[in-house]
Amino acid sequence: MIIYNTLKRQKERFIHLEPGKVRMYVCGITAYDFCHIGHARSCVVFDVLVRYLRFLGFKVLFVRNFTDVDDKIIKKAQEEGLSSMEVAEKYIQAFYEDMGALNILRADIEPRATEHIQEMVRLTAKLLEKGYAYVTSKGDIYFRVRKISGYGQLSGRNIEELQAGTRIALDEDKEDQLDFALWKAAKPGETSWDSPWGAGRPGWHLECSAMSEKYLGIPFDIHGGGQDLAFPHHENERAQSKAAFDGEFVKYWVHNGFVRVNAEKMSKSLGNFVTIRDILAAYHGEVLRFFLLTNHYRSPLDFSDTALQEAEKALKKIYWTKSALEKELEKHEGTRGEQFSEAREEFQELTEKWNQAMQDDLNTAQALGYVFGLVRLANRMLDIKSFRKNEPGKTLMHDMLDALKKWGEVLGVFLSPGPAFLEQLKIMRCRRQNIDPQAINKMVQKRQEARKEKNFEAADRIRQELAELGIEVMDTPDGPVWDFA
RNA sequence: GGCGGCAUAGCCAAGUGGUAAGGCAGCGGUCUGCAAAACCGCCAUUCUCCGGUUCAAAUCCGGAUGCCGCCUCCA
C-alpha cells in the first residue's frame, strides 16, 4: 500500500514496523459539543484506513482518544451548570450515537485524558529532568521548543518564520514565545489534579504523547488526524515524544482534508458547521458516509444539500442492483450452458482495479468508480435471460454480490440487504418532503385497479398526480413499485 | 507578512510523463398500454491563463490570475 506521509510531503510505500501488525493512533474529539461533518469525515477516513489494513491481512491495533479535560469543556460546564466530567460524558455518548449511524467501528482502545493524569505527570517530570521543560513563577510548565531538533518539520515551517508570524499575545512568563504548555497550574474553581508542582491540569498536546506511548509503544506506525491538527498539536506532540523517548516517534503521519461550506472551512470558530445529527434527521447515515467517500481524503470537500442528494441517488443505484442480484439468486437452480467468460474476465479486472485504487493512498473516489463498473456489468448481464438462468451465470452473480459485500466491508457501506435499505431511503425521503407513504400506496393501488380495467386514462391521470409530487411508479412483473424520481 | 494547497464538461469528481475514470443532468435508441428502472450509443481534441522542458504534459519547471487553508481553539 502507498500512503501520503505528511512528514515527508510525499506518498510512500507503507512498510509496517512489526511483521503482520500495524499500530495506529488517531486524535479523537474534544468532548464539548455535538460532532459536525468535519468530525464525521475524519472518523470515516481513518475507519476506512483501519478496515482496509485489516482487509490486507494486518493485525491492527487502533487507538483513538477522547479529550475530556480542556478549556472549552470547562467553559461549557460553566454554561450548562454541569461538571466538566458530565459535559465530557454527555458528548462522548453523543459521539457514539452519531458515529454508530455512520457505521464507524469502535477503536480497540479509547483512552480518556483524565484517566491518564499520572502518565502525563510522569512524562512532564521526565521532560523536566532532561532539561526540555521548565517551571514558571506561576507554576505552569512549558516545553523548550528550541531545544528539540527538527521542530517544524511535520507542519513544514521553520522556527524563525513561526516567530515572525506569531499572532499570539505575548506571554512574559515563557522563556520563548514558541514554547507550549505541558502543565497548567489550576485557577480557583477549576478541575485539577495533584502533581509535584501543585494542583493543575495537563496541556492539550501531552495526552496524546502519554497515551500513544502507553498503548502502542514508541515508535508506532501511523498517526492520524485532521489537517488542522498538524500544527500546532501534532508538531508539539512530536517534539515532546521525541524529547522524552529519544528518537523517531511515528513513521507515517496521515492527515485528512477539511469539509467546507460555501468554499469555507467548516469549523467551530466560524460557526458554519452542520452537525451529524442535523444530517441524520433528513438522510440515512450511509448517505453521508458514501458522500464522504466520493472525494479523495486529502482534498477539501464541499458540503451541500445538493451533494448529499446526489450521493443518495448514487447509493440508490448501487442498492437497486444489489437488490436485483439478491432477488435473482433466490430463484431456481440454474442450467448448464454458456460460460460467460468475457463477463467473468471483466469482473476480475474490476476487482483488481478496485484494489489498486485503494492501495494507492486510499483512493476511495476511484474505487467507487469501479463499484459503478461492477453495477453496470451486473445490470448488463441481468438483462440476459440465459445468463440469469444458467449455472455459470448464477456463480458469477454470486461472486459479484460477494465482491460488493467485500468492498462494502472495507468502505463501510452496501452492507444492508438491498430491499430493506431502499425502503429506508424512501422513508427518509418522505419525511424530508412531508409526504405520507400510506397516501401514496393508496394512489398507486387505485391506479393499478384502473390498469386492470384497462382504464389507462385514469391510470395515467394518477401517474401524473404522483409525478407532480416527484414520484414515479414502476410497473414490474411483481406489481407496481413507487419511488422518488 | 510567512508557509502550504487547489483550479478538470452544465454540476460533482478521479487522474504526478504516454494521449481525459465514475456519478448526476441532457440527447438518441431498445424495452413499455404510457412510463420508470435497466441496457446500448452520444455528451471535455482538452484539463484557469501565459511561457518553458520533453519524442510525449492535465500531470514537471517558471510566471500571472482566482479561490482556500495553516501560522490562535478547531477533524
Side-chain angles (χ1 to χ4, degrees), chain A residues 9-11 26-30 32-33 35-46 70-72 75 152 155-158 160-169 204 224-233 235 255-260 263-270 273 290-291 294-296 298-302 304 306-307 309-318 320-321 324 353 357 360 363-373 375-384 451 454-457 459-460 463-464 466-467 471-476 480-483 485:
Chain A
R9 310 220 122 43
Q10 62 185 17
K11 287 190 197 175
V26 173
C27 290
I29 57 159
T30 299
Y32 74 107
D33 204 347
C35 290
H36 58 66
I37 301 170
H39 299 106
R41 186 180 198 192
S42 184
C43 285
V44 167
V45 165
F46 292 106
D70 165 273
D71 288 343
K72 295 184 293 286
K75 189 171 166 240
S155 51
R157 55 200 85 205
N158 67 54
E160 309 319 317
E161 280 161 5
L162 272 172
Q163 217 173 20
T166 201
R167 281 193 276 154
I168 322 162
W204 175 37
Q227 222 162 56
D228 44 2
L229 296 183
F231 190 91
H233 182 55
E235 194 68 70
H255 292 97
N256 65 277
F258 298 125
V259 175
R260 308 192 300 188
E264 262 189 334
K265 178 186 171 184
M266 178 180 290
S267 76
K268 305 294 292 189
S269 41
L270 288 170
F273 60 94
F290 182 89
F291 164 67
T294 57
N295 283 54
H296 185 81
R298 282 187 286 118
S299 312
L301 182 155
D302 277 294
S304 67
T306 315
Q309 282 167 25
E310 288 214 349
E312 189 181 68
K313 264 189 204 169
L315 192 58
K316 193 160 103 178
K317 181 175 177 149
I318 294 166
W320 263 104
T321 302
K353 284 188 167 166
D360 185 8
N363 196 335
T364 54
Q366 195 170 60
L368 287 177
Y370 297 122
V371 172
F372 283 105
V375 163
R376 221 177 317 112
L377 175 64
N379 285 332
R380 202 192 319 142
M381 298 317 287
L382 281 166
D383 258 12
I384 303 167
R451 286 184 75 221
K454 300 271 184 212
N455 186 354
F456 293 123
E457 205 182 307
D460 287 350
R463 178 186 284 293
Q464 185 54 35
L466 287 165
I471 289 166
E472 292 286 358
V473 186
M474 289 154 263
D475 295 319
T476 75
V481 175
W482 65 271
D483 201 347

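Below, read A as the first sequence line, B as the second, and so on, with proteins coming before strands; counting in each chain starts at 1. None of these values were measured; they are calculated from a predicted model.
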What is the separation between atom CG on A/L382 and atom P on B/C39, rounded to the nearest whole Å?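 Distance check: A/L382 CG to B/C39 P gives 10 Å.
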Pick the closest RNA chain B nucleotide for A/V473 and for A/H233 by heavy atoms, then say which residue is nearer the 5' end.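 Closer to the 5' end of RNA chain B: A/V473.
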Pick the closest RNA chain B nucleotide for A/G225 and for A/T321 by heavy atoms, then say which residue is nearer the 5' end.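 By nearest-heavy-atom nucleotide position, the 5'-most residue is A/T321.
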Who does [N] pair with, Watson-Crick or G-U, both distances under 3.5 Å?
N	value
B/U45	none
B/C3	B/G69
B/A38	B/U30
B/C55	B/G18

For [Y], does its backbone N or O pair with a side-chain atom of [X] as donor and acceptor, under 3.5 Å?
X	Y	answer
A/E235	A/G152	yes
A/R463	A/V473	yes
A/Q366	A/A357	no
A/S42	A/H39	no

With [atom1] as the reference atom in both, quote the distance from [N] to [M] in angstrom, rounded to an integer.
N	M	atom1	value
B/G15	B/C6	P	11 Å
B/U59	B/U16	P	12 Å
B/G22	B/A44	C1'	15 Å
B/U45	B/G18	C1'	16 Å
B/A14	B/U30	P	37 Å
B/C61	B/C42	C1'	38 Å
B/A64	B/A7	C1'	14 Å
B/A36	B/U32	C1'	9 Å

Sugar-phosphate, base or nothing in reach of [X], heavy atoms under 4.0 Å:
X	answer
A/N256	base
A/G257	base
A/V45	nothing
A/K265	base
A/K317	sugar-phosphate
A/G226	sugar-phosphate

Would you check if A/F372 stacks with the base of B/G22, given a 5.5 Å centroid limit and a 30° plane limit, both strict?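 By the stated criterion, A/F372 and B/G22 do not stack.
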Quiz item: [X] side-chain donor-acceptor pair to [N] base, under 3.5 Å:
X	N	value
A/R157	B/G4	no
A/R380	B/C39	no
A/D228	B/G69	no
A/R41	B/A75	no

Return the nearest nucleotide to the side chain of [X]; candidates are [options].
X	options	result
A/F456	B/A75, B/G23, B/G33	B/G33
A/R451	B/C70, B/C34, B/C73	B/C34
A/M474	B/C73, B/A35, B/A75	B/A35
A/D475	B/A75, B/G33, B/C40	B/G33
A/E472	B/A25, B/C73, B/A36	B/A36

Charged N to carboxylate O below 4.0 Å: is that the case for A/D33 and A/K72?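 Salt bridge flag = no for A/K72 with A/D33.
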Where does the angle between the aromatic ring planes of A/F372 and A/F290 fall among parallel (under 30°), tilted (30 to 60°) and perpendicular (over 60°)?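 Correct class here is perpendicular.
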With sequence neighbours left out, what residues match A/V44 under side-chain contact (heavy atoms from CB on, under 4.5 Å)?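 Result, side-chain contact (heavy atoms from CB on, under 4.5 Å) vs A/V44: A/V48, A/I104, A/R289, A/L292, A/L293.
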With side-chain contact (heavy atoms from CB on, under 4.5 Å) as the criterion, how do A/V45 and A/R41 come out once you've worked through the C-alpha distance, each side chain's angles and the decisive distance to 0.1 Å? CA-CA 6 Å; A/V45 165; A/R41 186 180 198 192; 4.2 Å; yes
I'd like to compare against my own output: the B/S/- annotation of nucleotides 8-21 of chain B with a strict under-4.0 Å heavy-atom distance to protein. -----SSSS----B
After noting the C-alpha distance and the side-chain angles of A/D228 and A/K265, does the key distance pass the side-chain contact (heavy atoms from CB on, under 4.5 Å) rule? CA-CA 10 Å; A/D228 44 2; A/K265 178 186 171 184; 3.3 Å; yes
Heavy-atom neighbours of A/Q10 CD exceed 12 at 6.0 Å: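 Buried by this count: over 12 neighbours within 6.0 Å.
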